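Any value given below was found using the heavy atoms of this structure, including those in side chains, with hydrogens, waters and symmetry copies removed. Everything quoted here is computed from the prediction, not taken from an experiment. Both counts, for ligands and for their atoms, begin at 1 and track the order of listing. Starting from 1, each residue takes its place in the sequence as its number.
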Amino acid sequence: MRALLPLSLVGLLLAACGTSPSPSVPAASSSASHAGSLTPDPSDDTAQVVPAPGSDSEVYSPNPGAIVVAIDPGHGGCLDWGVPNPWDNTIDKAEKADTLAIGMALRELLEAQGITVVMTRTDDSALAGDRYPSLDCDGPPWRDVDGNGEAGFEETGRTRTRDELQARLDLANVARADLLVSIHINAMAQGDVVHEIAATQTFYDDETPWGEAGSGELGRRVQAGVVDALDREADYRRQDRDTQAVAYYIVSRQWRDGDRCETRGDEWCKPHRAAQLPAVLAEVGSMSLEAESELLASDEGRRAVAAGLYEGIRAWLAERPLAVRYDALVDGGGAGIRPPTQPGQGAPFWAAALPADVAAEGALPVRLTNTGTRAWPSGVQLLAGRGASGAPYLTDAPELQPVEVEVPALQPGESVTLTVPLAPPPAERTLAWITLADDRGEPFTDLGSPALQVAWEP
Ligand SMILES: [Zn+2]
């Protein structure tokens with residue numbers, strides 16, 4: 001068992017490296033009660049493990065509430081209807097209406113199994129603004145969410161789309177969802193020529209750290225689930241297109257130096273705050289075959305698709321060995337809570353700020369829950385670092401160092417609350433980044449479990 005550093009000593013060590021450009025490193029203890037004492041209390045060496053609550057849920061029965069699924073019903077709002085429907089384009093029969101109805105039905109299925117769900121939208125709205133008087137759209141004002149200096153709706157639709165998708169990614173990231181499913185409907189058409197084909201196709205990016213094993217496998221599960229469900233429902237021929245590694249914005253890996261966009265000088269065709277979790281974009285069907293357009297506008301068709309997505313998610317979670325959920329036990333840091341919308345300009349969702357008393361006390365209570373299917377191996381370790389940033393949250397890990405705290409080898413669904421000592425509050429806005437690493441030192445972030453981030457807001 002690792003010796004615990006008393007908090008008072010930790011504080012001195014951190015103060016000494018406060019001027020260093022590299023992030024300071026908090027250490028942790030299983031109790032906040034060491035302050036002022038140089039002798040750790042042996043009774044505090046092992047924090048109390050809370051047993052998995054257990055349930056009869058079909059989805060992650062050890063502890064379904066600890067699993068957070070982010071559902072993104074594609075498109076929405078006054079301006080963004082999604083693809084044109086060649087057979088109809090009324091408010092009840094548009095891509096944005098189909099995706100919303102499917103998303104809401106999927107939420108119902110997951111919540112009935114005890115799963116926590118966050119939705120990017122629950123009505124016909126947009127997150128990054130929707131105001132364009134010449135088309136009679138008088139929604140909220142535009143926000144430059146991605147931070148490229150531009151906001152609004154222009155001819156190509158590019159600026160609006162990127163800000164909107166970045167806002168949806170931010171929401172999933174700040175909620176630290178286990179996975180993100182973006183729901184879309186395709187239309188197979190070239191110019192005026194409509195290809196009367198019904199097909200399901202699922203996209204993911206294989207270049208994220210968790211790549212094929214994370215997003216790829218999730219994509220294959222989701223694709224199989226939706227194809228099965230629609231095959232049962234459809235009385236017409238379907239020609240499914242399988243999964244494909246195509247880095248559409250919402251599933252893309254992060255922008256990195258050296259990347260180029262198609263348009264010279266453009267540096268925003270990939271997200272600068274990419275999904276920090278496995279993400280797939282499911283084109284669940286296509287409305288360019290009239291029969292499928294009709295089916296996707298019906299309650300039965302939409303419920304069938306939702307059931308297919310549900311089955312894919314269930315199957316994927318049933319085979320995920322190592323995963324963790326962190327809950328900072330402070331306001332806004334808990335499980336699956338939709339982060340509050342920040343008013344004004346810029347990104348609507350930000351990492352939770354540390355309450356003043358927690359920052360002053362220098363001790364952050366964090367609950368860790370094993371959300372994988374395997375017991376954590378002994379040697380699982382907490383890593384932490386911090387980085388100054390004016391962004392909503394950090395997109396890459398700062399320099400990480402081990403936190404001196406014993407992490408029990410939790411069984412699936414079990415949880416434990418540890419107290420993570422914090423370095424003294426910095427002068428500028430700074431984010432703490434906390435993650436587990438497995439017994440070989442691989443951070444769980446590289447397995448697709450987003451890090452816990454909390455912010456000092458001076
Ligand atoms: Zn779409």
A.B. asks: Indicate if the distance from the Zn ion (ligand 1) to the nearest N, O or S atom of E95 falls below 2.8 Å.
C.D. replies: yes

A.B. asks: CD/Q166 to CG/N148 distance, rounded to the nearest 0.5 angstrom?
C.D. replies: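 Going from the CD atom of Q166 to the CG atom of N148 covers 10.0 Å.
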
A.B. asks: Stepwise, does the side-chain hydrogen bond (donor to acceptor under 3.5 Å, both in side chains) test hold for E58 with Y310?
C.D. replies: CA-CA 10 Å; E58 291 172 0; Y310 166 83; 2.5 Å; yes

A.B. asks: Give a yes-or-no answer on whether the side chains of T99 and R121 include a donor-acceptor pair shorter than 3.5 Å.
C.D. replies: yes

A.B. asks: Could you check whether any side-chain heavy atom of V416 comes within less than 4.5 Å of a side-chain heavy atom of R367, counting everything from C-beta outward?
C.D. replies: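 No, every pair of side-chain atoms sits at 4.5 Å or beyond.
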
A.B. asks: Of all N/O/S atoms in H184, which lies nearest to the Zn ion (ligand 1)?
C.D. replies: ND1

A.B. asks: Which is the closest N/O/S atom of H75 when seen from the Zn ion (ligand 1)?
C.D. replies: NE2

